[in-house]
Amino acid sequence: MNGIPMEYGLMLSAILFALGFVGVLVRRNLIFILMSLEIMLNATGLAFVVAGSRWGQADGQIMFLLILTLAAAEVGVGLGLALHIFRRFHSLDADAVSQMKG
């Protein structure tokens with residue numbers, strides 16, 4: 001049984017990573033920035049799974065599980081920060097964060 005060629009999977013991963021990167025650079029809303037980071041993490045996980053399936057190793061799937069764990073931790077910390085920023089500045093604009101002094 002033939003699967004999807006490795007080049008197609010890696011190309012899809014590169015496109016998703018580029019879209020997430022553009023979203024991080026262009027958007028100013030903190031929630032959209034967090035969503036773009038999730039897209040970038042999932043794109044790297046896809047690249048690991050594609051490469052692992054190409055070589056018949058389970059290493060790609062193990063790395064994907066680690067990436068999912070990292071993404072879950074990032075969501076927890078990111079949403080906690082988003083709630084704190086919203087309570088303090090009444091906005092989720094990333095430019096408002098530059099006013100924070102510690």
Side-chain angles (χ1 to χ4, degrees):
M1 182 170 146
N2 293 333
I4 298 173
M6 183 177 175
E7 295 83 17
Y8 292 165
L10 291 179
M11 185 63 70
L12 176 63
S13 175
I15 290 170
L16 286 174
F17 190 86
L19 285 174
F21 187 68
V22 168
V24 167
L25 292 179
V26 172
R27 293 292 189 159
R28 295 288 88 197
N29 190 336
L30 192 60
I31 300 297
F32 284 112
I33 291 173
L34 290 174
M35 287 173 48
S36 297
L37 285 174
E38 288 292 324
I39 291 172
M40 291 171 63
L41 285 171
N42 285 327
T44 57
L46 177 64
F48 277 118
V49 169
V50 167
S53 69
R54 167 72 166 95
W55 292 303
Q57 300 290 325
D59 296 342
Q61 294 173 0
I62 293 168
M63 285 301 296
F64 186 68
L65 288 175
L66 291 173
I67 288 172
L68 283 179
T69 305
L70 178 71
E74 179 254 337
V75 164
V77 171
L79 289 178
L81 285 171
L83 283 173
H84 179 71
I85 289 170
F86 185 74
R87 285 181 184 162
R88 185 167 180 183
F89 296 105
H90 303 290
S91 172
L92 287 177
D93 188 21
D95 292 331
V97 179
S98 64
Q99 298 174 0
M100 293 180 80
K101 294 183 171 58

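When reading the values below, keep in mind they use all heavy atoms of this one structure, side chains included, and skip hydrogens, waters and symmetry mates. We number each residue from 1, following the sequence as shown.
Here the straight-line distance linking atom CG of L34 with atom CG of L79 works out to 6.0 Å at 0.5 Å rounding.
Residues passing the side chain to side chain contact (heavy atoms under 4.5 Å, CB included) test with V49 are F64, sequence neighbours excluded. With sequence neighbours left out, A82 forms a side chain to side chain contact (heavy atoms under 4.5 Å, CB included) with L30, I31, L92. Residues meeting the side chain to side chain contact (heavy atoms under 4.5 Å, CB included) test with L83, sequence neighbours left out: none. In this view, R54 satisfies the salt bridge (Lys or Arg N to Asp or Glu O under 4.0 Å) rule with no residue, not counting sequence neighbours. Applying the side chain to side chain contact (heavy atoms under 4.5 Å, CB included) test to Y8 and every residue at least two apart in sequence or in another chain returns I4, P5.
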(request) Would you sort out whether V24 and L37 count as a side chain to side chain contact (heavy atoms under 4.5 Å, CB included), showing the intermediate values? (result) CA-CA 7 Å; V24 167; L37 285 174; 4.0 Å; yes
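In this structure, V22 belongs to a hydrophobic cluster whose other members, linked by side-chain heavy atoms under 4.5 Å apart, are V26. Cluster partners of I67, by chain and number: L41, F48, M63, L66, L70. The rule joins Ile, Leu, Val, Met, Phe, Trp and Tyr whenever side-chain heavy atoms lie under 4.5 Å apart. Residue M11 belongs to a hydrophobic cluster whose other members are I15, L19, with links defined by side-chain heavy atoms closer than 4.5 Å. Hydrophobic clustering, defined by side-chain heavy atoms of Ile, Leu, Val, Met, Phe, Trp and Tyr closer than 4.5 Å, groups V77 together with L81.
Within the structure, salt bridge (charged side-chain N to carboxylate O under 4.0 Å, His left out) contacts touching residues 8-26 (residues at least two apart or in different chains) do not occur. Within the structure, every pair that satisfies the salt bridge (charged side-chain N to carboxylate O under 4.0 Å, His left out) test and touches residues 25-40, not counting sequence neighbours, is listed here: R28-D95.
Below 30°, between 30° and 60°, or above 60°: for F17 and F21 the angle between ring planes is below 30°, a parallel geometry.
In the hydrophobic cluster analysis, where Ile, Leu, Val, Met, Phe, Trp and Tyr join through side-chain heavy atoms closer than 4.5 angstrom, L10 is grouped together with I39.
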